[in-house]
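Just below is one structure, and these are the notes that go with it.
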Amino acid sequence: MSGDRGPEPSPPRFDLTSGRHCLDFVNTLEDRGGAARESLRAYPDLVEFARQAGRVDEATAVELLRRSRREGAAARAVRRRAIELREALYRLLRSGSPGAAAADLALLNRELSSALAERRLEPGGAGWRWSWAPSPDLARPLWPVLLSVSDLLTSEELGATRECRADRCSWLFLDRSRNRSRRWCDMRTCGNRAKARRHYGRVQAARRAAAGASRAPRP
Ligand SMILES: [Zn+2]
């Protein structure tokens, strides 16, 4: 009944190009507006996302996977929490308004407080640095996402957060273009698809005109 058991599917290659870790996390669901494609199919995918993003090291990833095999029900519960968190973040970030969804904000604050409880100071270099509690809690892959989103929500870059304009894409990204006019999550995929659609529309219109059907209503 769940992908947490049996042979594990090969891990997805995560797209980490949105400009912020929390936005990359939101983008683990593709095409929300259409035939949504889920990248976090089971708990190991969550660990793999954090590992590929450089937010957990190899040893921690191995320990989390080992623990998830021992505690299957708990791992599945964390994966469900991750999906709920992700969709709450999507709604909060696309609206950009703290008043938009009280329930989503409450969920975020709940998860954030449990993540912050795991923050630790440790010696680093000539001084100190922030780190995480060494015990590999199964929710460990979520903690950096929660830090990242709290940073973004309180930064000026929140105003540069965009949702891809492609019909069904729904990916979020930071628009760092000079005139803040970027429309697509990725020009090579969504941008090109939109261009191809416009091109197809022009070709069809030209054909209609040539066939004497130029009175067709304009879009
Ligand atoms: Zn897109």
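What you are looking at is a predicted structure, and each value in this text was computed from that prediction instead of being measured.
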Under 4.5 Å between side-chain heavy atoms, counting indirect links through other Ile/Leu/Val/Met/Phe/Trp/Tyr residues: same cluster for Tyr43 and Val62 or not? no
Got Thr161 and Asp175 here, is their nearest side-chain heavy-atom distance under 4.5 Å? no
Correct closest heavy-atom pair for Ala88 and Asp104 would be CB-OD1, 3.6 Å
Residues two or more places apart in sequence or in another chain: which of them pass side-chain contact (heavy atoms from CB on, under 4.5 Å) with Arg140? Val56, Thr60, Leu64, Trp132, Trp143, Pro144
Between the side chains of Arg81 and Glu84, is the shortest nitrogen-to-carboxylate-oxygen separation below 4.0 Å, so that they form an ion pair? no
Might you point out which heavy atoms bring Arg129 and Pro123 nearest each other, and give the distance in Å? NE-O, 4.1 Å
How about Val26 and Leu93: do any of their side-chain heavy atoms sit closer than 4.5 Å? yes
Salt-bridge criterion met for Glu63 and Arg66 (N-O under 4.0 Å): yes
Applying side chain to side chain contact (heavy atoms under 4.5 Å, CB included) to Asp45 and Thr28, what does each step give before you reach the verdict? CA-CA 10 Å; Asp45 294 329; Thr28 56; over 6 Å; no
Contact check, side chains of Leu89 and Leu23, non-hydrogen atoms, under 4.5 Å: no
Donor-acceptor pair, distance only, cut-off 3.5 Å: does the side chain of Arg162 make one with the backbone of Gly159? yes
Scanning both residues in full, the closest heavy-atom pair of Trp184 with Ala166 reads CZ3-N, 3.5 Å
Going through the distances and angles, do Ser170 and Glu163 end up as a side chain to side chain contact (heavy atoms under 4.5 Å, CB included)? CA-CA 6 Å; Ser170 80; Glu163 181 169 15; 3.4 Å; yes
For the residue pair Asn179 and Ser177, establish whether any side-chain heavy-atom pair is separated by less than 4.5 Å. yes
Examine Leu29 and Leu92 and state if one hydrophobic cluster contains both, with Ile, Leu, Val, Met, Phe, Trp and Tyr joined whenever side-chain heavy atoms are less than 4.5 Å apart. no
Do other residues, nucleotides or ligands put more than 12 heavy atoms under 6.0 Å from the CZ atom of Arg13? no
Are there more than 12 heavy atoms of other residues, nucleotides or ligands under 6.0 Å from atom CD of Glu122? yes
Pair Leu108, Leu153 - check side chain to side chain contact (heavy atoms under 4.5 Å, CB included), show working. CA-CA 11 Å; Leu108 168 58; Leu153 285 170; 3.6 Å; yes
Heavy-atom side-chain proximity of Asn27 to Asp15 below 4.5 angstrom: no
Is it true that Asp31 and Arg168 have a side-chain N and a carboxylate O under 4.0 angstrom from each other? no
Could you tell me whether the side chain of Arg79 and the main chain of Leu40 form a donor-acceptor pair under 3.5 Å? yes
On a heavy-atom basis, the closest approach of Pro12 and Glu48 is O-CG, 4.4 Å
Hits for salt bridge (Lys or Arg N to Asp or Glu O under 4.0 Å) against Arg110, two or more places apart or cross-chain, chain-then-number order -> none
ring-ring contact (aromatic ring centres under 6.0 Å, His included) pairs, two or more places apart, involving residues 45-92: Phe14-Phe49, His21-Phe49, Phe25-Phe49
Determine the minimum heavy-atom distance between Arg176 and Gly19, stating which atoms define it. NH2-O, 3.6 Å
In one Ile/Leu/Val/Met/Phe/Trp/Tyr side-chain cluster, 4.5 Å: Leu138, Leu142: yes
Indicate the atoms forming the closest heavy-atom contact of Cys185 with Cys164, along with that distance. N-SG, 3.3 Å
As an exercise, state the distance from CD of Glu71 to CZ of Arg76, rounded to the nearest 0.5 Å. 11.5 Å
Applying side chain to side chain contact (heavy atoms under 4.5 Å, CB included) to Asp151 and Arg20, what does each step give before you reach the verdict? CA-CA 10 Å; Asp151 280 350; Arg20 286 274 186 153; 3.7 Å; yes
Cluster link Leu174 to Trp171, ILVMFWY, side chain under 4.5 Å: no
Counting C-beta onward and ignoring hydrogens, is there a side-chain heavy-atom pair between Pro141 and Arg55 closer than 4.5 Å? no
Hydrophobic clustering (ILVMFWY, side-chain heavy atoms < 4.5 Å, transitive) - are Leu16 and Phe173 grouped together? no
